[in-house]
Number of protein chains: 2
Amino acid sequence: MTAPQIATTLRADILAGRITPGEALQQEDLAARFGVSRIPVRDALQQLAAARLVEVVPGRGARVVRLTRDELAEVFELRRLLECNALRRATTRAKAADHEAVDHARQQSDLEAGRPGWQAGDWAFHAALYAAANHPRQIAMIAELRDTCQMHIAAYDRLSDDTPRWLADHQAISAAFCAGDADAAASRLAKHIMAARDRLLTLLAD
Amino acid sequence: MTAPQIATTLRADILAGRITPGEALQQEDLAARFGVSRIPVRDALQQLAAARLVEVVPGRGARVVRLTRDELAEVFELRRLLECNALRRATTRAKAADHEAVDHARQQSDLEAGRPGWQAGDWAFHAALYAAANHPRQIAMIAELRDTCQMHIAAYDRLSDDTPRWLADHQAISAAFCAGDADAAASRLAKHIMAARDRLLTLLAD
DNA sequence: TTTCGTATACATGTATACATAAATCAGGAC
DNA sequence: GTCCTGATTTATGTATACATGTATACGAAA
C-alpha cells in the first residue's frame, strides 16, 4: 500500500460514511491497518487535508472534518453560486456533442439510481453539465464542496430516498440545458441544490 | 525550524516572488537550507500543496504552481464571482461597526500603498469588506485565489504602479458599502478585479 | 541522423529508531 | 468534593538509513 492508495482508500471510506465526521484518525492504527509505517500514512492524511476531508492539528493528530449546521449551510450556498454559474456558462457554450454527453450521463445515472454507489453516476451527470463551461478549477472547487456534503449525508442520512424527485430534477435541468435556456437550467439547479440542503439540515436537527 | 514554520517561510517566498512559478522545489536543498531532515520539508510541501501554491507529482517532486493565461483568466473569473457575491451579502448585513472597520482598513491600506508589503494592507481592506458576510469558508476560498494571483503578479509584474487608480477604486467601493448600496459596491468591485486581470494578462503576453 | 536500449546518477518513497509534546491519571491541598 | 500539580502514558514530530523509482547520458542499431 502506497501513500496515494491509502489516501484513496480513506477518501472512499469517508465519503461512504464508514469513517464518520469527527472521528480521530490515529497514525499508528492506520499504519497497522494498511501494513505500512506511519510515514506514508502521514502523507495520505496531508493529501486528505488538501481535499478538506480531514483537518490536521499540529501535535494533536488528524480528525475527519465535521461541519456545524451553519458551516454546511454556507457550503450549500457556495455550491449554488458556483454550480449555477458553471451551468449558465456551460449552457451558453454547449455544442451538440455536449448535449449528447449530458443526456447519456443522465440516462446512465437513472439506471444507477437507488443502487449503492449511485453518487458516482449523479456526479458524472453534474460534471457533464459543467464540462462545457471549460473551467476546470471551478469544477474542482465544486467537487470539493460536494464531497464535503456527501461526507455528512453518508453519515447522517443513510436512508434517504428522494430518488423520484431527483430524477425529475435531472430531467428538467437536462432539458433546459439542451434547449440552451440558461436561466431555466440555473433556476432548476438552484432548487435542486436547495432541496438537498433542506433535507440534510432537517435531518441534522436531531 | 518546524514543518509549519518552513511552510510559512516558503509561502512568503512564493508570494513575494523570491521563488517563481514553475520552479522545482527539491527536498534535499530545502532540508539543507532550513537545517532539518527531509521529513518536515515533505510535510511543509504537502501543506503548500493544500493551499494550491505548489503541486507535488508522486515520484517527481514538487514545483511551484505555474498557471497558463487561460487558467489565470479562470481564477480572476472565480474571484469576481466569489468576491462580488461576498460583498453583496456583506453590504446588506453590515452594521455601523462594520462600516467603521472597513473605513479604518481603507485608511490603513492608503498609508501602506506603494510601500513594500502593501499587499497585506490591501487584503486587510478586502477582508474587512467581506467580513460581514459571515462566510468564513468563502473568504478562505477567496484568499486562496488571491494568493494564486499574487504569486504570478509578484513574478511577472514587479514594477506595476497603478496605486492611484487602486486607491480611487477602494474609495468608491468603501463608500458604496457604507451607504448600503450592494449593487454599486459589487459593480465597482467587479471593475476593480477585471482591471487587475487585464494588467496581469497583458504583462503575461511577453 | 535518429531512435531505442541500457547503465549510471540522483531524487523521492519508506522503514526503523529516537525525541518531543500532548493527554491521562494519580495524588494531595484546599 | 473540587481543583491543582506532577508523573506516566501515549501519540505525534523528526533524524537517519535504506529501497525504489525516475531522469539523464551514453552507446548501439536501424
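In what follows, chains are A, B, ... by sequence order, proteins preceding strands, each numbered from 1.
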_For B/Ala101, all residues meeting side-chain contact (heavy atoms from CB on, under 4.5 Å), sequence neighbours excluded_ = none
*Under 3.5 Å, is there a donor-acceptor pair linking the side chains of B/Asp103 and B/Gln107?*
yes
*Taking only residues two or more places apart in sequence or in another chain, which ones pass ring-ring contact (aromatic ring centres under 6.0 Å, His included) with B/Trp166?*
B/Trp118, B/His192
*Which residue pairs pass the salt bridge (Lys or Arg N to Asp or Glu O under 4.0 Å) test with at least one member in residues 86-95 of chain A, sequence neighbours excluded?*
A/Arg88-A/Asp183
_Tell me which residues in residues 45-59 of chain A lie within less than 4.0 Å of DNA chain C, going by non-hydrogen atoms._
A/Gly59
_Can a side-chain donor-acceptor contact be found between A/Asn85 and B/Glu77 if the only test is distance below 3.5 angstrom?_
no
*Can you tell me which residue pairs pass the salt bridge (Lys or Arg N to Asp or Glu O under 4.0 Å) test with a partner in residues 46-67 of chain B, sequence neighbours excluded?*
A/Glu144-B/Arg52
*Contacts of A/Thr202 that satisfy side-chain hydrogen bond (donor to acceptor under 3.5 Å, both in side chains) - sequence neighbours left out*: none
*If we fit an axis to the first five pairs and another to the last five of the helix from C/dT1-D/dA30 to C/dC30-D/dG1, what angle do they make, to the nearest 10°?*
30°
*Distance only, no hydrogens: is a donor on one side chain within 3.5 Å (strictly under) of an acceptor on the other, for B/Thr20 and B/Glu23?*
yes
Quick one: which protein N/O atoms are closer than 3.5 Å to N/O atoms of nucleotides 18-20 of chain C? Pair and distance per line, please.
none

_Let me spell it out: for each of A/Pro40 and B/Ala62, pick the nucleotide of DNA chain C with the closest heavy atom. Which residue's pick is nearer the 5' end?_
B/Ala62
*asked:* Enumerate the ring-ring contact (aromatic ring centres under 6.0 Å, His included) contacts for residues 79-111 of chain B, please, sequence neighbours excluded, ordered by first and then second residue.
replied: B/His99-B/Phe177
*Is there a donor in the side chain of A/His170 and an acceptor in the side chain of A/Asp110, or the other way round, less than 3.5 Å apart?*
no
*side-chain hydrogen bond (donor to acceptor under 3.5 Å, both in side chains) against A/Glu28, all qualifying residues, sequence neighbours excluded*: none
*Segment of DNA chain D, first to last nucleotide, that comes within the 4.0 Å heavy-atom reach of chain B*: D/dT14 to D/dA23
*Pair B/His126, B/Tyr130: side-chain N/O donor-acceptor within cut-off below 3.5 Å*: yes
*Does the B/Arg69 side chain pair with the main chain of B/Leu201, one donor and one acceptor, at a distance under 3.5 Å?*
yes
_Does atom CZ (A/Arg146) have a neighbourhood of more than 12 heavy atoms from anything else shown, all under 6.0 Å?_
yes
*Please list, by residue number, the residues of residues 21-33 of chain B whose heavy atoms come closer than 4.0 Å to an atom of DNA chain D; answer none if no residue qualifies.*
none
*Neighbour count >12 (heavy atoms, 6.0 Å) for atom CZ, A/Arg106*: yes
